[in-house]
Each structure stands twice: as structure tokens, then as C-alpha cells.
Number of protein chains: 2
Amino acid sequence: MADRQKNLKHDSVGAWAKRLYFASRAVMDSVLRPYDLGSTQWYVLYQLANEGPTMQRDLVRMLQIERATLSGVVATLVRKGLVDQAPDSDDQRQRMLRITRAGRKLWKELPDPIELILTAAFDGADPAELAIARRVLQVATQRLNQHILKGDQA
Amino acid sequence: MADRQKNLKHDSVGAWAKRLYFASRAVMDSVLRPYDLGSTQWYVLYQLANEGPTMQRDLVRMLQIERATLSGVVATLVRKGLVDQAPDSDDQRQRMLRITRAGRKLWKELPDPIELILTAAFDGADPAELAIARRVLQVATQRLNQHILKGDQA
DNA sequence: GAAATATTGATAGGTAGCAAACGAATTGTC
DNA sequence: GACAATTCGTTTGCTACCTATCAATATTTC
């Protein structure tokens, strides 16, 4: 009903993807808000808690965000005392990230927002359709990224 | 290839949706950058150029964003002289938005980024699979939004 | 070894989104 | 008519993303 009221004509999978992304962000944010954590901050803690100390440079690749973005997120976590950031002894440019004692303590209290979102969004859904949806999105994303690369060359 | 390098384990449709959203935003931004326009600014201009003067209140519903967000976007467009914002004579709380002469002039020069994205992303794709993907995303979004509503009540 | 180049992280400035709080204007209720 | 509730837009403060640029450090090239 609320979805059907007159919308802009220009409506595409991009727009559906946007809505799903923001809906899942909203759920994640509401779960994490009591702990005063943003979603990207949670991903960083997840990595450091489960995989151990990680180079900031590598996290950029894993999270697929820009260095500048991660720089800000890390600064926030360091300010909160949840993460420790130290220059690497081999390469002074790189920074090794490590979860602090306070960070680990908080991590233990945290619910898993991803599990919650998966259940809320897809519980009972047809796996075959999910697979198709996943593939359509992946292909489209890949094509768009290639399009961007081509544009850069020109 | 670049997609397959070790990622965080927590990977879900939410993450695919995010990647597609950001890929399409990246294309849209790169198209609009020469004109110094953001994607949401483009949507506002689109509405005003094609459908005529619109109440700011209605645009909130059409774009499905918060009043506060639109407020900022409109302020930017007004500052650039592309849009005119005037109180409605009937209801002094509401603001009528109208494209200016300069706005219309710019609009005529603008390429259609949505068309470009649709082609780049989905040209040649199977319509049946697209329909399934669309439905999966819509259902998931709806379920997440309901989940948020329930959480609010509790 | 010195100069050019590449990499890493930080910073500045921009867009886009949200929530919360506020003022002004309108509508509803008594 | 007066008071309460609602609606609309703005402002503030936050997260998260981008580009462009800079400083520091490594690496490559000559």
C-alpha cells in the first residue's frame, strides 16, 4: 500500500537495492545503537575480534571502502578506546589494528546483527529464488564496475 | 576476481544490495559530477522539470527520504539558483518547489544517468530473472521495515 | 647514493542519510 | 475563543561514503 503510492517514474533495481540496503542498515543501527556503535565500526570489531590483529591497509580491501572512510572509522574506535592503532615495525607507513581489552569486553556483550537481519529478511524464502537474486545483483554490480573502469580509461 | 579475494565471512543479500547500490551511485555520480550535481539533487530536478511545481512535503513521500534530508538537498539547490522555494498561500507551513530558468537550462544539457545505468547493468539480462530479483528484494525490504516497526512498538 | 615514483594514512570539503528537538502554522476539541 | 495535538520545515549532530590533496615512508631507477 504505502509502496504503491505515486513514486518517481525512474525506478530501477538500483532503487530497490538502495531501499534494501537502507532497511538492513536501519535494523543494524537500531540493534547497535544501545552500544553506541555504527555498522562499519561493528564490521571492524568483527574482523579484529575473530581474525586477530589486521593491517589497516588490508581492512580497506576486505571492507571494500576507501582509505579515507576507514581512516575516520578507525579514528572513532581509537577515540572510544576499543581499538589500538600502532605503526608497523617493518613498514612505518602501515598501521596495525588490534582490539583492546575494553573492545573485547564490549564485543562479548554484542548481539549478532547480521544473523538477525538474515532471519528477519529471508527466513522461509525460497533458496532457488534467493540464488537467482544474488546472481542478478552480482552480475549487475560487476557490469557497473566495469563500466566505471572503462570510463576512467577514456 | 577482485570480488573473490578474501572478504569478511558475514556476507549476505544486504551486502550484495549495498554493493549494487554503491556501484550504481558511482556511475550516477560520475555522470553528474561535471554538472556539480548529486544524485538526490538530480531526482529533485527530474521531478520539477517533468511534473512541474511540487510541494516539498509530497517530494518527501516520492523520494522516500526524511524531511531533514530533503531540507538540506533543497537548500543546496536553492543556493545554486536552480530551484525556487516559496511558502504556499493556503498553508504557510508548506513550501512549493519550482525549477528556475537557470535550472531548466541546466536540465536540458543533462544526460539521463538512469537510462545509462539500466543499460550498463541489465542490458540483455533475462526479464524473468530480473522480476524474481526485484520481488526478492522488495519482500526482504518490506519484512525488514516491518521488523523495525515492531521493534519501535516494544 | 640521489632523484623520481609508489604506497599508506590523514585531512579537508562535499553529498546523502538518520534521529531528535525546535518554531511556526494549522487543525481539533472542548 | 482557548488550549492541545499535529504537521511542516529547519537545525544540529551523528555515521558513512566519496574525491582530492598532503606528508611521511618505501621502493625503484638511474
Side-chain angles (χ1 to χ4, degrees), chain A residues 14-15 18-44 54-61 63-80 83 85-97 148 152, chain B residues 18-19 21-44 54-61 63-80 85-97 145 148 151-152:
Chain A
K18 175 177 176 175
R19 285 199 261 279
L20 177 54
Y21 167 57
F22 276 102
S24 63
R25 265 269 308 261
V27 173
M28 191 153 177
D29 286 347
S30 69
V31 170
L32 295 177
R33 190 161 312 125
Y35 305 93
D36 200 27
L37 276 182
S39 55
T40 305
Q41 295 174 37
W42 184 89
Y43 278 110
V44 172
T54 306
M55 220 66 93
Q56 184 162 331
R57 183 192 58 139
D58 297 325
L59 256 186
V60 164
R61 300 205 192 100
L63 297 180
Q64 300 194 190
I65 56 180
E66 287 300 309
R67 279 176 301 161
T69 304
L70 183 57
S71 188
V73 172
V74 167
T76 302
L77 288 169
V78 168
R79 181 168 46 72
K80 289 180 185 169
V83 164
Q85 183 191 45
D88 185 49
S89 48
D90 287 359
D91 186 338
Q92 298 287 118
R93 293 170 305 181
Q94 300 180 205
R95 302 293 150 88
M96 179 65 87
L97 303 180
I148 293 168
D152 279 354
Chain B
K18 175 177 177 175
R19 284 200 261 280
Y21 167 56
F22 276 102
S24 64
R25 264 273 305 260
V27 173
M28 188 150 179
D29 287 346
S30 69
V31 170
L32 295 177
R33 190 161 312 127
Y35 305 92
D36 201 27
L37 275 183
S39 54
T40 304
Q41 295 173 39
W42 183 88
Y43 278 110
V44 172
T54 306
M55 220 66 93
Q56 186 161 331
R57 185 190 58 134
D58 296 326
L59 213 43
V60 164
R61 299 205 192 100
L63 297 179
Q64 302 195 190
I65 56 179
E66 288 299 309
R67 279 176 301 163
T69 304
L70 183 57
S71 187
V73 171
V74 167
T76 302
L77 288 169
V78 168
R79 180 168 46 74
K80 289 179 184 169
Q85 182 190 46
D88 186 50
S89 49
D90 288 358
D91 186 336
Q92 298 286 121
R93 293 170 305 181
Q94 300 180 205
R95 301 293 150 89
M96 180 65 87
L97 302 179
N145 285 331
I148 293 168
D152 279 355

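Basis for what follows: all heavy atoms, side chains included, without hydrogens, waters or symmetry-related copies. Letters A, B, ... are given to chains in the order of the sequence lines, protein chains preceding strands, and every chain is numbered from 1.
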### Message
Between A/Asp58 and A/Arg61, is the side chain to side chain contact (heavy atoms under 4.5 Å, CB included) condition met? List the steps.
### Response
CA-CA 5 Å; A/Asp58 297 325; A/Arg61 300 205 192 100; 3.4 Å; yes
Distance below 4.0 Å between [X] side-chain N/O and [N] OP1 or OP2:
X: A/Ser71; N: C/dG9; answer: no
X: A/Ser39; N: D/dA16; answer: yes
X: B/Gln64; N: C/dG17; answer: no
X: B/Lys18; N: D/dA16; answer: no
X: A/Tyr21; N: D/dC17; answer: yes
X: A/Thr40; N: D/dT15; answer: no
X: A/Gln41; N: D/dA16; answer: yes
X: A/Gln85; N: C/dG9; answer: no
X: A/Gln56; N: C/dA10; answer: yes

Round to the nearest Å and state the distance from [X] atom [atom1] to [N] atom [atom2].
X: A/Arg93; N: D/dT25; atom1: CZ; atom2: P; answer: 10 Å
X: A/Asp88; N: C/dT7; atom1: CG; atom2: P; answer: 17 Å
X: B/Phe22; N: C/dT15; atom1: CZ; atom2: P; answer: 16 Å
X: B/Arg67; N: C/dA25; atom1: CZ; atom2: C1'; answer: 14 Å
X: B/Met55; N: D/dG9; atom1: CE; atom2: P; answer: 8 Å
X: B/Met28; N: C/dG17; atom1: CE; atom2: P; answer: 10 Å
X: B/Lys80; N: C/dG14; atom1: NZ; atom2: P; answer: 11 Å
X: B/Arg25; N: C/dA16; atom1: CZ; atom2: P; answer: 6 Å

Contact class for [X] vs. all strands (heavy atom < 4.0 Å): base, sugar-phosphate, or nothing?
X: A/Thr69; result: base
X: B/Arg57; result: sugar-phosphate
X: A/Ala68; result: base

### Query
With nearest nucleotides of DNA chain C determined for A/Leu70 and B/Ile65 from heavy-atom distances, which residue corresponds to the more 5′ nucleotide?
A/Leu70
### Task
Please figure out whether B/Asp90 or B/Asp29 has its closest DNA chain C nucleotide nearer the 5' end.
B/Asp29
### Message
Please check: side-chain N/O of A/Ser71 versus main-chain N/O of A/Arg67, any donor-acceptor pairing under 3.5 Å?
### Response
no
Side chains of [X] and [Y]: closer than 4.5 Å at any heavy-atom pair?
X: B/Lys80; Y: B/Asp36; result: yes
X: A/Phe22; Y: B/Tyr21; result: yes
X: B/Leu77; Y: B/Leu37; result: yes
X: A/Met28; Y: A/Tyr43; result: yes

#### Entry: Whichever of A/Val73 and A/Ser89 has its nearest DNA chain D nucleotide further upstream toward 5'
A/Val73
### Query
Counting side-chain heavy atoms from CB outward, which of D/dC8, D/dA26, C/dA25 is closest to B/Gln92?
C/dA25
### Message
Determine whether a donor-acceptor pair (one donor, one acceptor, N or O, separation below 3.5 Å) exists between the side chain of B/Arg95 and the base of D/dG9.
### Response
no
